[in-house]
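Pasting in a structure now, in structure tokens, and then I'll have a few things to ask.
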Amino acid sequence: MRIKDKIVVLTGAASGIGRATAALFAKEGAIQILSDIDEVGLRKTYEALGEAQERTTIMNVDIRKPEEVKKMIERTVDMHGRIDVLIVNAGVVRVGPVEDFPDEDYDLLIDVNLKGTHYTCKYAVPYFKKQRSGSIITLASVAAHIGQVAHANYCSTKAGVLGYTRALALDLAPYNVRVNSVSPGATDTPMLQSDVAKQAKDRGVSYEEVKKEFEKEGVMGRWAKPEEIATGILYLATEESSYMTGADLRLDGGWTTR
Ligand SMILES: NC(=O)c1ccc[n+]([C@@H]2O[C@H](COP(=O)([O-])OP(=O)(O)OC[C@H]3O[C@@H](n4cnc5c(N)ncnc54)[C@H](O)[C@@H]3O)[C@@H](O)[C@H]2O)c1
């Protein structure tokens with residue numbers, strides 16, 4: 001077991017990459033605090049964990065709300081005395097041309113992807129500093145590195161996550177706390193499926209046509225499975241990546257090598 005008895009806090013655990021990460025970390029022996037805004041999805045993630053349920057706590061948390069995030073972190077420390085790994089995974093996507101982009105959609109992107117990332121780190125950082133150990137992992141994206149058609153608003157938030165992660169790594173290095181990001185490429189989750197469906201609708205083409213375009217972006221010609229991203233997150237969470245901080249792990253099927 002690669003992360004036995006480590007205390008892990010994971011946001012966005014009700015779906016996609018978060019759910020696959022929860023399953024992998026459970027198999028590897030972690031003690032987990034799984035959170036999400038989606039209570040039903042979160043319960044499904046929990047129910048699939050089998051025996052590891054006894055090492056798991058679920059919490060309904062909206063990362064846009066600082067008081068809820070603060071409570072999640074405080075409860076974790078009350079229960080377990082520390083946090084070893086913080087995975088800031090919850091995120092949203094909205095796509096469309098900038099001239100028609102609804103202001104409320106941009107507010108949502110900023111509130112969840114940027115401010116939510118900040119709140120999640122903000123309330124955990126004092127504990128990490130006190131412990132003088134730990135690993136924080138954020139979810140950036142291939143969209144933080146390259147432009148994507150109709151993704152200007154989403155790209156701007158994920159590029160922000162990348163900058164936030166790098167800078168926080170400098171602040172926490174003297175405390176022996178590592179901070180890294182993962183940048184997935186097209187990964188087969190409800191988020192990507194909804195993104196493709198919206199683009200297909202906007203352009204009046206089929207879902208399959210847009211999916212094929214996305215598949216061609218990576219040099220491997222297929223989408224990632226969420227489990228293939230979870231293994232990268234696990235690597236950053238363990239001592240196997242002990243000399244890595246301020247870095248970004250690109251799991252993009254070669255998309256950014258073109
Ligand atoms: N799927 C991809 O192709 C892809 C590519 C690059 C980056 N990412 C990033 O990976 C992360 C996970 O994405 P995914 O594909 O698994 O998406 P997903 O939609 O399957 O899962 C995201 C989860 O975040 C939760 N969430 C959304 N808003 C929240 C809030 N305010 N508070 C708490 N939870 C909230 C959702 O309920 C959901 O369970 C995201 O940060 C995403 O931007 C995904």
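Atoms considered below: every heavy atom in the structure, side chains included; atoms not considered: hydrogens, waters and symmetry mates. One-based numbering along the sequence shown. Counting convention: from 1, in listed order, for ligands and their atoms alike.
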Discussion item. Suppose we measure from atom 36 (C) of ligand 1 to each protein heavy atom; which comes out shortest, and what is that distance?
Written reply: Asp36 OD1, 3.5 Å

Practice prompt. Check whether any heavy atom of Gly41 sits under 4.0 Å from an atom of ligand 1.
Written response: no

Worksheet item: Short N/O distance, under 3.5 Å, between Ala13 and ligand 1?
Response: no

Practice prompt. Determine whether any heavy atom of Ala186 lies closer than 4.0 Å to an atom of ligand 1.
Written response: yes

Practice prompt. Determine, using heavy atoms of Trp223 and all atoms of ligand 1, whether some pair is separated by less than 4.0 Å.
Written response: no

Discussion item. Can you name the atoms of ligand 1, numbered from 1 with element, that are less than 4.0 Å from a heavy atom of Val92?
Written reply: 27 (C), 28 (N)

Discussion item. So if I count the atoms of ligand 1 from 1 in the order they appear, which ones are less than 4.0 Å from some heavy atom of Gly16?
Written reply: 16 (O), 20 (O)

Fill in: Student check: side-chain heavy atoms of Val182 and Ile229 closer than 4.5 Å
yes

Discussion item. Quick check: is Val69 connected to Ile87 through a chain of hydrophobic side chains (ILVMFWY, heavy atoms under 4.5 Å apart)?
Written reply: no

Worksheet item: Does atom CG of Asp103 have more than 12 heavy-atom neighbours, drawn from other residues, nucleotides or ligands, at distances under 6.0 Å?
Response: no

Practice prompt. Give the residue, atom name and distance (to 0.1 Å) of the protein heavy atom nearest atom 14 (P) of ligand 1.
Written response: Thr189 OG1, 3.6 Å

Practice prompt. May I ask whether Lys158 places a heavy atom under 4.0 Å from ligand 1?
Written response: yes

Worksheet item: Are any of the heavy atoms in Ala140 under 4.0 Å away from ligand 1?
Response: yes

Worksheet, complete the sentence: In this structure, atom 31 (N) of ligand 1 is nearest to the protein heavy atom Asp62 OD1, 2.9 Å

Worksheet item: Purely on distance, is any nitrogen or oxygen of Ser15 under 3.5 Å from one on ligand 1?
Response: yes

Worksheet item: Quick one: nearest non-hydrogen protein atom to atom 3 (O) of ligand 1, plus distance?
Response: Thr187 N, 2.8 Å

Item to complete: Locate the shortest heavy-atom distance separating Ser133 from Val177; write the atom from each residue and the value.
Response: O-CG2, 3.7 Å

Worksheet item: Within a strict 4.5 Å, meaning less than it, do heavy atoms of the Ile233 and Phe25 side chains meet?
Response: yes

Discussion item. Nearest 0.5 Å, please: how far is CG in Leu249 from CG in Asn180?
Written reply: 8.0 Å

Worksheet item: Judged by modelled atom types alone, do Thr238 and Arg2 share a side-chain donor-acceptor pair under 3.5 Å?
Response: no

Worksheet item: Which protein non-hydrogen atom lies closest to atom 43 (O) of ligand 1, naming both residue and atom, and how far is it?
Response: Tyr154 OH, 2.7 Å

Item to complete: For Thr11 and ligand 1, answer yes if some heavy atom of the residue is under 4.0 Å from a ligand atom, otherwise no.
Response: no

Response to the item:
Of Asn60, Asn89, Leu139, Val69, the one whose closest heavy atom lies nearest atom 40 (C) of ligand 1 is Asn89

